[in-house]
> 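I have a structure I would like to understand better, so I am pasting it below and will then ask my questions one at a time.
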Amino acid sequence: MACLLVGLGAIAGGWYGAHIGRILPSTIVRAGTLLLAAGTTIVFFMRAYV
């Protein structure tokens, strides 16, 4: 059941994310991507080493 929910979320996120990414300026998309990647890296680092 969880796999189905994750799959549906991935499909919906990819679909709507692509539409929103086309509307927004590329600088905002790049900045959001960098912030998300940096945040994910920090969380994983903190979980592993702190």
Side-chain angles (χ1 to χ4, degrees):
M1 183 64 176
C3 183
L4 179 62
L5 292 175
V6 170
L8 290 174
I11 291 170
W15 182 264
Y16 290 112
H19 288 290
I20 291 170
R22 289 181 184 161
I23 295 170
L24 293 175
S26 62
T27 54
I28 293 176
V29 175
R30 287 183 188 138
T33 302
L34 286 173
L35 287 173
L36 182 63
T40 303
T41 301
I42 291 168
V43 168
F44 282 132
F45 180 83
M46 297 297 284
R47 286 184 182 176
Y49 297 109
V50 176

> Donor-acceptor pairs under 3.5 Å, side chain of residues 37-50 to any protein atom, not counting sequence neighbours: which ones?
{"unit_1": "T40", "atom_1": "OG1", "unit_2": "L36", "atom_2": "O", "d": "2.8"}
{"unit_1": "T41", "atom_1": "OG1", "unit_2": "A37", "atom_2": "O", "d": "2.8"}

> Show me the side-chain donor-acceptor pairs of residues 7-16 shorter than 3.5 Å, one per line, residues at least two apart or across chains.
{"unit_1": "W15", "atom_1": "NE1", "unit_2": "H19", "atom_2": "NE2", "d": "3.4"}

> Output all residues satisfying side chain to side chain contact (heavy atoms under 4.5 Å, CB included) with L24, sequence neighbours left out; order by chain, then residue number.
I20, I28, V29
